[in-house]
Number of protein chains: 2
Amino acid sequence: MRSPTLNIQPSNCHNCRMSALCLPLTLDSSSLDRLDRVIERGRPIHKNQYIFHGGDQFKAVYAIRSGAVKAFCVSDDGSEQVTGFYLPGEIFGWDGIDNSSHSNTAITLETTALCEIPFARFEEISRTMPILQKHFMRLMAKELTSDQDLIGLLAKSSAEERVASLLLSLSSRLKRQHLSPTRFRLPMSRADIGNYLGLTVETVSRVFSRFQSFDLILCDKKEIEIINLNGLYALTHKPKA
Amino acid sequence: MRSPTLNIQPSNCHNCRMSALCLPLTLDSSSLDRLDRVIERGRPIHKNQYIFHGGDQFKAVYAIRSGAVKAFCVSDDGSEQVTGFYLPGEIFGWDGIDNSSHSNTAITLETTALCEIPFARFEEISRTMPILQKHFMRLMAKELTSDQDLIGLLAKSSAEERVASLLLSLSSRLKRQHLSPTRFRLPMSRADIGNYLGLTVETVSRVFSRFQSFDLILCDKKEIEIINLNGLYALTHKPKA
DNA sequence: ACACAGAATTGATCTAAATCATGCTGGCTC
DNA sequence: GAGCCAGCATGATTTAGATCAATTCTGTGT
């Protein structure tokens, strides 16, 4: 049994400040109650704990209440490819729906609290709640477009653009959670960033240094302060031929 | 009105040899009939016709009966990023579900016949056919994993690996359609390939030449014959440090 | 049949990032 | 506190692929 045991916690979707993100806004109170009963809220789990492994049977998708998660897939030759970083309010684990086993592995990057949404039970109740079904398809579509954004980034951009895009993505996602968009702590290592962006650690490190020397950011190890948000943004729209 | 008018054709899902791919296998005959009545079969449309544009309202997803389609998104600076090539039996257009408008643009690469599946009507009937709903989520998940494969490819691989992977992907998808996996015509230009794989046209061209000189493939313009399938496969699993 | 624009190949040069190498720092255990 | 290891930074060198440039091929329309 690889996935950590999630103990029920005394809270619910009604009072969760994430709910606007992971649930459809238009759910009436009684529908929300029914959904509520399906969702299992876990206690915080430690850093570097696996949520699921590639190949594991697909049983649930997960919403993050706090903390951060990294998803990656392992190819036959053993090399890893980071496919995403997930922050509070975001849902991950869709990759398993296809062949009912996960293609990715998910691991916590720091102490993390999750809500587990068992897929079988979700399917049951969604049969009588079409809006829920639709919402989930929309969440999957969102994942699709975010993957396509990453594809665009990897196919075309320079190292600086890639790092700038990641910083801006994190910033806007934190902002959506009413957290500071300009001062935050990177939950992942430079190596993770490099892997995700298709760059070497050294290149990532150099780009961070360069950004500092251009007064775009301040960074002390994993603590980041964005000084010139527009400057970063300009980098992601680099002057093209 | 940008999308081409699709005229009803005298055929149905029962006798379509694609159905195994785009429909759940377990549908009973009466369910299939109901689905059948929702789907609009178009006459073949010409090369370089748009199916939908980025920003268009999302109304339907499309299954390919014959031909080939390219999907791409346009970023603010006007540059394009090819996000996928679609062959017979495959479904595209999911990208619109999220905010009910398409993020991609889809265009035919050659004369193409489509089935249009209007999403609103699909949602109606799927309410009473849970298996259909599940099937569609699986199709979306498949798209997700294929996007993630592309991410892995772009993040890590050399030009040769990328081109080899594309050729093998096309090959296996044609095989699934009971078409020759070793002799086929590329529906897309070198520029499209380059854009998709994050390479320049020149590099793509050089890789094709190199593959020929290594007796991996024969190619005359867009006509491809794969001589050494295992050799290509070996390239995609390049010896790593 | 001809002209012309776009698609593809091939060659020469340049450059951004990988690779190789070294040192620094901060947390860990013993 | 000494020693050790992982993570990060930074410098020197190499290289794969981009860029620039020129030529040939292909198909399309008149």
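Labels below follow one simple rule: chain letters A, B, ... track the order of the sequence lines, proteins then strands, and each chain is numbered from 1.
By the ring-ring contact (aromatic ring centres under 6.0 Å, His included) test, A:Phe92 pairs with A:Tyr62, A:Tyr86, sequence neighbours left out. Scanning for salt bridge (charged side-chain N to carboxylate O under 4.0 Å, His left out) contacts around A:Glu223 gives A:Arg185, with sequence neighbours left out. A:Phe72 pairs by the ring-ring contact (aromatic ring centres under 6.0 Å, His included) definition with nothing, not counting sequence neighbours.
B:Asn228 places none of its side-chain heavy atoms less than 4.5 Å from the side chain of B:Ile226.
If B:Lys47 and B:Arg210 are placed on DNA chain D by their nearest nucleotide, the residue sitting closer to the 5' end is B:Arg210.
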Enumerate, atom names and distances included, each donor-acceptor pair closer than 3.5 Å involving a side-chain atom of residues 204-220 of chain B, sequence neighbours excluded.
residue	atom	partner	partner atom	Å
B:Ser209	OG	B:Ser205	O	3.1
B:Arg210	NH1	B:Glu160	OE2	2.6
B:Gln212	OE1	B:Cys219	N	3.2
B:Ser213	OG	B:Arg210	O	2.8

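Contacts between chain A and DNA chain C, taken as any atom within less than 4.0 angstrom of a protein heavy atom, begin and end at C:dA17 to C:dC20.
Using a 4.0 Å cut-off between charged nitrogen and carboxylate oxygen, B:Arg183 and B:Glu225 count as a salt-bridge pair. By the 4.0 Å N-to-carboxylate-O rule, A:Glu90 lies too far from A:Lys142 to be salt-bridged with it.
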Its contact letters, B for base, S for sugar-phosphate only and - for none at protein heavy atoms under 4.0 Å, make nucleotides 4-13 of chain D read ----SBBBB-
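Atom P of nucleotide D:dG27 and atom CD of B:Glu110 are separated by 14 Å, given to the nearest angstrom.
With no hydrogens or angles considered, no side-chain donor-acceptor pair links B:Ser158 and B:Arg162 at under 3.5 Å.
B:Gly198 comes within 4.0 angstrom of the backbone, heavy atoms only, and of no base.
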